[in-house]
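When a ligand or atom number is given, it counts from 1 through the structure's own listing order. Along the sequence shown, the residues carry numbers beginning at 1.
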Amino acid sequence: MEKALEVKLQDGKKSEVLVANDIKDLSHHLSSYGGNVLWVFDRNSASLFTSLPDQNVVLEPGEIHKGWRSIEIILSAAVEYGLARDSIFIGFGGGVICDMTALASSLYMRGARLVLVPTTLLCMVDASVGGKTAIDFSNAKNLIGSFYPAEEVLICTDTLRTLPENEYRSGLGEVVKHAFLTKNDDLYKFMMDNHEKIMARDRATVSEMVKLSIAVKAEFIEKDPTEKKGIRSFLNLGHTFAHALESSGNFSSFSHGKAVAWGISRALELGVLMGVTEESYQKKCDELLRKYKFDIDYRIGRGDWISFYQALGKDKKKLSGEVKFVLMKGQGEPFLSPVDISLLKKVVITYYR
Ligand SMILES: NC(=O)c1ccc[n+]([C@@H]2O[C@H](COP(=O)([O-])OP(=O)(O)OC[C@H]3O[C@@H](n4cnc5c(N)ncnc54)[C@H](O)[C@@H]3O)[C@@H](O)[C@H]2O)c1
């Protein structure tokens, strides 16, 4: 496997990101850990194996299972298999499995070893990197968690072959976000130039895209590993809009990544109305979003405004009681700002267009 990147986190901890040539390469690396391991899958990620490795747990898939019960199942299996503190928890799956395996590993004997093998695009470029672990609790997403980076993150884009199209496109929403957040144009150009190969999930092209994308996330995390300086919150570009859209009504046709892409476009439009975003930059971003067929022309109906606005108020990222939006001045220039409600209405409600 090729070492693509080393992400430096708090207290001298770091995660190595390794990229496999193919499944064989990945399997070979995983077998080097020996038998002192616990594998954590969900039913879908487990089906990538014809026969599962020993010492495994297979959970039900989906966000609904991202809770204490699953943590208990993982920890009980660790006890049953006699794992020690130097044993390795291997989270093999999407963001749900990786977040839960990381949390369970951080709790087991006050911290066992952790390796993550993300099998969704979203998890490769986002959830597996940065050390955040979590479960949902009391109807709040990711309310309980810790910072516990994996020592290794193993990327094998072959695992994406079985990923449903909407999940793949959801991951692309986060990649596009990274393309806008970074100072240089590399990821933007790469996505513009390689659209067909990216959509066809060409192994080498997707691996390159994932590496460029992770490097952007790493840039922000390294400057603010525990999310205390506000820098890491720039990674939430588009998310305040997206969460409000997702939780305010019947928008099930929007996967998370699609909602993020919509939210990015709204943040850019809002910035232009406020006179802080360069119009040429907004156009350039919209061009990439349209190329990947994200529905950035969608607007909510007037009748949905109240629930949308209430959902905004519940944004867990709000600081001192005020919702702050990530806006962009230009390429790689995010900043946080409160926004005027009338301008907000203008960019989200259909009536105002
Ligand atoms: N820790 C972080 O920093 C961070 C960042 C972003 C998101 N997250 C979390 O990540 C989660 C979302 O991650 P996700 O989008 O990967 O969701 P997910 O883990 O639910 O995976 C999406 C679906 O794809 C299936 N799947 C996974 N790999 C597959 C494969 N190779 N082939 C076929 N099906 C496969 C899963 O079983 C699931 O049904 C959320 O819970 C979110 O809170 C965490």
Are V79 and I88 connected in the hydrophobic side-chain network, where two residues link if heavy atoms are under 4.5 Å apart?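 V79 does not cluster with I88.
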
Answer with side chain, backbone, both or neither: which part of [X] has a heavy atom less than 4.0 angstrom from an atom of ligand 1?
X	value
E174	neither
E167	side chain
E63	side chain

Legend entry - Y292 and H195 aromatic ring geometry - parallel, tilted or perpendicular at 30°/60° bounds: perpendicular

(request) Please work out which of the three classes, parallel, tilted or perpendicular, describes the rings of W39 and F49, given edges at 30° and 60°. (result) perpendicular

Report task. Could you tell me which atoms of ligand 1, counted from 1 in the order shown, lie closer than 4.0 angstrom to a heavy atom of T159? Result ->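 Under 4.0 Å from T159, ligand 1 has these atoms: 30 (C), 31 (N).
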
Here the atoms of ligand 1 under 4.0 Å from any heavy atom belonging to L48 are 31 (N)

Out of curiosity, is H65 lining ligand 1, as in a heavy atom under 4.0 Å away? no

>> Looking at non-hydrogen atoms alone, which of L163, D99, V96 comes nearest to atom 24 (O) of ligand 1?
In response: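 Of the listed residues, L163 has the closest heavy atom.
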
Worksheet entry | Per atom 36 (C) of ligand 1, closest listed option by heavy atom (L103, D42, T133) |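 The option holding the nearest heavy atom is D42.
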
Hey, is ligand 1 close enough to K141 that some N/O pair sits below 3.5 Å?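 Yes - when backbone and side-chain N and O of K141 are compared with those of ligand 1, one distance drops under 3.5 Å.
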
